[in-house]
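Below is one structure, written out as structure tokens; comments come after it.
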Amino acid sequence: MARVRALVAAGGVRVNGQVLTAAGRPVRAGQRVEALVRPELLRPRATASDRPFRLTPAHVLFHDGALLAVDKPPGLPTHATADASRPSLVGHVESFLAAAGAGTYVAVHQRLDRDTSGIVLFAIDPRANHDLARAFSGREVEKTYVALTARPAILPRRGLIVSAPLSAPASGGSSRVRVGGESAKVAETEVAVREVLADALLVEARPLTGRKHQVRAHLAHAGMPILGDTVYGHDAFGRAPRLMLHARRLALPHPLTGQPLVIESPLPADFEAVLARLRSAGR
């Protein structure tokens with residue numbers, strides 16, 4: 001199903017001679033539908049397989065009956081996709097709560113890319129959802145990411161702000177957002193260089209706005225594409241097994257009590273292994 005939606009988004013379907021790119025648009029009786037199809041391209045890509053995962057209490061970073069914070073692994077979509085057979089973190093959380101007899105109410109107002117690891121925060125009590133949504137939309141949530149990036153020829157300042165408006169991806173199936181454009185929206189990211197390695201940088205990034213792919217696009221725009229980023233980078237998986245981006249810390253007011261809440265996630269093993277290899281290469 002996901003590949004069929006991609007075919008529609010790429011402009012491969014016409015309705016009454018007009019290209020249709022909205023996969024959810026209804027079609028009326030009597031309309032003529034034409035599709036340019038190469039069956040081999042509709043088969044799932046072997047390289048896009050998701051990693052197996054089972055949510056256990058060891059993955060829970062915070063749980064108080066109103067909120068649940070989970071340490072998301074790489075290789076797992078946050079939300080359900082058009083392919084109902086693919087697992088998602090939301091689905092795992094619903095099953096986890098049901099097995100614990102805690103109901104299945106799950107609301108989430110953030111999205112980590114499939115290969116980004118780290119904290120995802122859920123409202124699991126309807127009373128907490130409104131103020132949690134307001135905190136995310138009102139920029140009351142401080143999000144800190146850790147990334148391993150390419151090292152540019154000219155080192156950046158230890159601290160900088162990347163301010164570059166971002167536009168939605170162009171039509172044609174690409175997920176890449178664009179810097180600038182008529183529809184671009186304001187986007188700012190604070191970046192702090194934490195360690196300079198022989199051939200890479202360890203950085204912290206704190207998005208001040210909440211645009212799609214903001215950290216990835218801004219770091220690439222600043223000459224520091226994230227290692228393993230096949231969309232905004234240029235070395236694919238040459239030095240990293242996946243996108244080296246980790247959601248390390250969330251700080252926000254608790255939606256029910258208003259008290260400060262800080263949730264942190266340790267660097268995962270694959271991230272630590274790449275970092276150790278990069279450090280040893282510079283010795």
Side-chain angles (χ1 to χ4, degrees), residues 5-6 9-11 19 21-24 72 77-79 81 108-121 132-194 200-236 242-252:
R5 292 176 67 90
V19 175
T21 57
K72 176 190 168 303
T78 300
H79 297 268
T81 67
V108 60
H109 303 284
Q110 62 180 132
R111 180 193 295 269
L112 295 186
D113 296 330
R114 191 189 77 121
D115 285 324
T116 301
S117 55
I119 306 166
V120 180
L121 182 62
L132 182 64
R134 181 178 56 80
F136 273 100
S137 63
R139 304 181 188 177
E140 297 177 36
V141 181
E142 182 180 291
K143 296 175 280 188
T144 304
Y145 293 80
V146 178
L148 282 168
T149 77
R151 174 175 169 169
I154 300 175
L155 288 177
R157 300 187 306 274
R158 286 284 179 172
L160 65 150
I161 294 181
V162 181
S163 182
L166 298 175
S167 297
S171 60
S174 172
S175 63
R176 181 186 178 108
V177 302
R178 297 165 292 155
V179 173
E182 293 184 2
S183 63
K185 296 182 178 179
V186 172
E188 289 188 330
T189 304
E190 288 185 352
V191 179
V193 178
R194 295 305 184 196
L201 299 177
L202 176 66
V203 305
E204 282 188 356
R206 188 163 71 88
L208 304 181
T209 49
R211 311 301 178 204
K212 176 184 173 71
H213 289 184
Q214 178 173 318
V215 172
R216 297 168 63 184
H218 272 179
L219 287 174
H221 180 67
M224 299 176 284
I226 299 174
L227 299 187
D229 194 337
T230 59
V231 176
Y232 300 95
H234 52 78
D235 64 348
R242 53 100 171 174
L243 177 72
M244 290 287 100
L245 182 63
H246 180 69
R248 181 67 176 268
R249 184 178 185 270
L250 281 182
L252 69 156

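- Remark: Arg178 pairs with no residue by the side chain to side chain donor-acceptor pair (under 3.5 Å) rule, at least two apart or across chains.
- Residues passing the salt bridge (Lys or Arg N to Asp or Glu O under 4.0 Å) test with Arg134, sequence neighbours excluded: Asp131, Glu140.
- Between the side chain of Glu204 and the main chain of Arg194, no donor-acceptor pair closer than 3.5 Å is present.
- Residues forming a ring-ring contact (aromatic ring centres under 6.0 Å, His included) with His213 (at least two apart in sequence, or on another chain): Tyr232.
- For the atom pair OG1 of Thr78 and CZ of Arg114, the computed distance is 11.5 Å after rounding to the nearest 0.5 Å.
- A donor-acceptor distance shorter than 3.5 angstrom exists from the side chain of Lys72 to the backbone of Thr116, with no hydrogens or angles considered.
- Ala184 is linked by a side-chain contact (heavy atoms from CB on, under 4.5 Å) to Pro165, Ser167, counting only residues two or more places apart in sequence or in another chain.
- When the salt bridge (Lys or Arg N to Asp or Glu O under 4.0 Å) test is applied to Arg206, the partners found at least two apart in sequence or on another chain are Glu142, Glu190.
- Sorted by first and then second residue, the salt bridge (charged side-chain N to carboxylate O under 4.0 Å, His left out) pairs involving residues 208-221 (not counting sequence neighbours) are Asp113-Arg216, Arg216-Asp229.
- Glu188 contributes no side-chain N or O that, together with a main-chain N or O of Thr209, makes up a donor-acceptor pair within less than 3.5 Å.
- Take His221 and apply the side chain to side chain donor-acceptor pair (under 3.5 Å) test, not counting sequence neighbours, and it matches no residue.
- Checked against side-chain contact (heavy atoms from CB on, under 4.5 Å), Ala200 has the following partners two or more places apart in sequence or in another chain: Leu197, Leu227, Leu278.
- Residue pairs meeting the salt bridge (charged side-chain N to carboxylate O under 4.0 Å, His left out) criterion with at least one partner in residues 149-165, sequence neighbours excluded, do not occur; the list is empty.
- For Ser137, there are no side chain to side chain donor-acceptor pair (under 3.5 Å) partners two or more places apart in sequence or in a different chain.
- Separation of atoms OG1 (Thr144) and CD1 (Ile119) is listed at 8.5 Å; rounding is to 0.5 Å.
- Leu132 contributes atom CG, which lies 5.0 Å from atom NE2 of His109 (distance to the nearest 0.5 angstrom).
- Looking at residues two or more places apart in sequence or on another chain, you find a side chain to side chain donor-acceptor pair (under 3.5 Å) between His246 and Ser117, Ser265.
- Contacts of Pro152 classified as side-chain contact (heavy atoms from CB on, under 4.5 Å), with partners at least two apart in sequence or in another chain: Pro156, Leu201, Met224.
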